[in-house]
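Worth saying up front: this structure is predicted, and the values here are computed from it rather than measured. Atom set for the values below is all heavy atoms of this structure, side chains included, hydrogens, waters and symmetry mates excluded. Note on naming: letters A, B, ... go to the chains in the order of the sequence lines (proteins, then strands), and numbering restarts at 1 for each one.
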Number of protein chains: 2
Amino acid sequence: IIETRGLGRDYVVGAQVVHALEGLTVSIDRGEFLAIMGPSGSGKSTCMQLLGCLDTPTAGAYLFDGEDVSLLDRDALAETRNRKIGFVFQSFNLLPRASALGNVELPLMYGRRDRRTRKEMAERALEAVGLGARIHHTPAQLSGGQMQRVAIARALVNDPLLILADEPTGALDSATGQEILALFHRLNGRGITIILVTHDAEVARAARRVLRFRDGHLVGDERIAPV
Amino acid sequence: IIETRGLGRDYVVGAQVVHALEGLTVSIDRGEFLAIMGPSGSGKSTCMQLLGCLDTPTAGAYLFDGEDVSLLDRDALAETRNRKIGFVFQSFNLLPRASALGNVELPLMYGRRDRRTRKEMAERALEAVGLGARIHHTPAQLSGGQMQRVAIARALVNDPLLILADEPTGALDSATGQEILALFHRLNGRGITIILVTHDAEVARAARRVLRFRDGHLVGDERIAPV
Ligand SMILES: Nc1ncnc2c1ncn2[C@@H]1O[C@H](COP(=O)(O)OP(=O)(O)OP(=O)(O)O)[C@@H](O)[C@H]1O
Ligand SMILES: Nc1ncnc2c1ncn2[C@@H]1O[C@H](COP(=O)(O)OP(=O)(O)OP(=O)(O)O)[C@@H](O)[C@H]1O
Ligand SMILES: [Mg+2]
Ligand SMILES: [Mg+2]
């Protein structure tokens with residue numbers, strides 16, 4: 001489902017160039033469950049944003065679900081993102097003035113489902129992450145871990161092909177974190193490809209393959225027996 | 001340095017009342033190093049905001065550094081916060097249009113130091129958290145862990161009496177997280193009282209006392225031998 005060749009992203013800051021990601025060549029099949037690890041600033045989020053079609057590379061090629069992403073126009077790209085990819089951002093990126101329910105309904109607005117169906121799907125996603133009792137709270141009325149779980153619910157509500165989760169358990173206590181990993185496992189069991197960025201070795205053990213980054217480069221790619 | 005009696009905070013959401021914190025009675029001496037743990041939504045951040053004088057309780061009393069906080073007027077409260085407390089927010093709360101340097105200089109604007117001294121103090125704080133090479137980046141040009149470290153640098157730049165850090169290593173890989181804990185240890189060695197909220201048992205082991213929360217209540221208070 002994912003094929004990259006020499007994928008790279010430079011950022012220009014003033015007179016300097018930051019090589020956030022360089023020479024990423026990797027192949028990921030449908031239904032895989034991967035963890036991405038590496039030090040702070042090593043390029044993990046940059047990589048996730050490229051894979052999620054939220055950013056354009058400055059070098060290399062990216063084929064997603066068989067299509068060369070650089071050949072898609074803006075509308076086609078937006079549709080691909082909306083229908084096929086669920087993204088959990090490292091900083092959640094929730095709409096501050098919408099409730100948890102409103103935030104989770106957002107990806108469903110693209111499609112043709114009626115209002116009642118959208119509401120039911122969003123409620124079920126929120127219950128799946130343990131927030132059934134908080135659906136009308138706005139982000140300011142939620143704890144850090146609850147906001148993270150709203151972001152997770154939003155990423156899975158549209159039943160995407162691929163879920164990209166950038167540190168999805170970072171704000172969660174270990175028990176809640178385990179529940180979220182079990183949820184990702186169930187989704188993966190239904191065929192959804194899952195890529196998690198994590199700093200937590202425990203979380204990485206839920207995956208079947210670990211990619212390691214350092215200074216913008218992929219330095220390790222290992223199959224592991226999941227726990 | 002901290003004395004609370006029956007401290008509580010209710011939130012009203014629509015027709016419901018959320019008892020985010022209830023009946024907190026605790027005493028903390030100057031120079032202590034504590035960890036606060038508990039499930040997502042158990043009241044940890046609510047407690048930290050009350051201790052940091054960023055929010056007003058709906059019940060109970062809070063004496064900080066010998067003063068009844070409810071008797072301080074708005075200016076006195078703001079000055080106490082600025083001079084005596086350093087706060088690392090769970091969601092960082094950086095100014096998006098200021099650089100890392102500008103963000104860290106912010107607490108220093110209250111005092112009487114000149115521009116050059118402020119700049120030097122802010123640079124040293126950023127070097128202490130390993131961000132010497134990123135001082136001119138704005139938050140959008142920083143990784144998640146780098147933003148977290150800017151928030152940490154800002155909390156310590158003013159040499160406060162008390163540092164309240166809400167999950168300060170949540171976005172950091174374990175090596176960088178260890179460096180931050182070592183930094184908190186050095187600050188504690190200079191007499192600064194440190195309270196960290198964490199979900200990570202490894203991080204909690206750096207403290208000498210652990211407070212456990214559940215459903216808004218303090219359910220455990222244990223001295224531990226630090227590791
Ligand atoms: N402004 C608010 N209005 C209404 N409810 C709130 C508000 N802030 C927090 N809450 C609720 O109060 C409870 C405690 O929140 P708090 O942020 O203190 O939890 P926490 O222990 O820090 O959780 P986490 O580990 O997820 O960060 C939660 O159930 C949350 O939904
Ligand atoms: N928009 C940007 N402009 C300039 N530099 C950037 C930008 N975004 C990221 N960077 C830099 O690129 C590098 C990689 O950032 P990235 O966010 O991918 O790291 P990360 O591995 O996700 O880190 P963390 O674990 O701290 O979240 C960092 O050194 C960062 O300072
Ligand atoms: Mg990141
Ligand atoms: Mg919190």
Side-chain angles (χ1 to χ4, degrees), chain A residues 11-16 18 20 37-46 48 89-92 94 99-100 129-131 133-149 166-167 169-177 179-180 197-202 204 212-214 216, chain B residues 11-16 18 20 37-46 48 89-94 99-100 129-131 133-149 166-167 169-177 179-180 197-202 212-214 216:
Chain A
Y11 291 113
V12 178
V13 185
Q16 290 191 316
V18 176
M37 300 189 82
S40 175
S42 55
K44 307 179 297 297
S45 295
T46 299
M48 293 287 269
F89 293 89
Q90 192 168 2
S91 48
F92 318 152
L94 302 178
S99 66
V129 297
L131 288 179
R134 291 282 180 271
I135 63 176
H136 298 301
H137 284 228
T138 61
Q141 297 169 328
L142 294 171
S143 76
Q146 289 167 345
M147 283 194 276
Q148 187 157 50
R149 284 182 277 159
D166 200 342
E167 303 199 34
T169 60
L172 302 175
D173 57 281
S174 56
T176 314
E179 285 168 36
I180 292 302
V197 168
T198 185
H199 284 305
D200 191 334
E202 276 299 303
R212 292 191 181 278
F213 283 74
R214 176 171 285 280
Chain B
Y11 291 112
V12 178
V13 185
Q16 291 191 315
V18 176
M37 300 189 81
S40 174
S42 55
K44 307 179 297 296
S45 296
T46 300
M48 293 286 268
F89 292 89
Q90 191 168 3
S91 50
F92 318 152
N93 293 9
L94 302 179
S99 67
V129 298
L131 289 179
R134 291 282 181 272
I135 64 175
H136 298 300
H137 283 228
T138 60
Q141 298 169 328
L142 294 170
S143 75
Q146 290 167 344
M147 283 195 276
Q148 187 158 48
R149 284 182 276 159
D166 200 340
E167 304 200 34
T169 61
L172 303 175
D173 57 282
S174 56
T176 314
E179 286 167 35
I180 293 301
V197 169
T198 184
H199 285 306
D200 191 334
E202 277 298 305
R212 292 189 181 278
F213 282 76
R214 176 172 284 280

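Judged purely by atom type and a 3.5 angstrom limit, H199(A) has no side-chain atom pairing as donor or acceptor with the backbone of S174(B). Between the D173(B) side chain and the S40(A) main chain, a donor and an acceptor come within less than 3.5 Å of each other.
Minimum heavy-atom separation, V12(B) to Q141(A): O-NE2, 4.5 Å.
Only the side chain of T176(A) comes within contact range of chain B, with at least one heavy atom under 4.5 Å from a heavy atom of that chain. Neither the backbone nor the side chain of A175(B) comes within contact range of chain A, judged by heavy atoms closer than 4.5 Å.
Considering only heavy atoms from C-beta on, E202(B) stays 4.5 Å or farther from D200(A) through its side chain. For the pair S143(A)/Q90(B), no side-chain contact is recorded, criterion being any heavy-atom separation below 4.5 Å from C-beta on.
When G130(B), A171(B), G38(B), S91(B) are compared by the number of non-hydrogen pairs under 4.5 Å with chain A, A171(B) comes out ahead. For the set A20(A), G41(A), P39(A), the count of heavy-atom pairs under 4.5 angstrom toward chain B peaks at P39(A).
Note that CZ of R134(A) is 8.0 Å distant from CD of Q16(B), once rounded to the nearest 0.5 Å.
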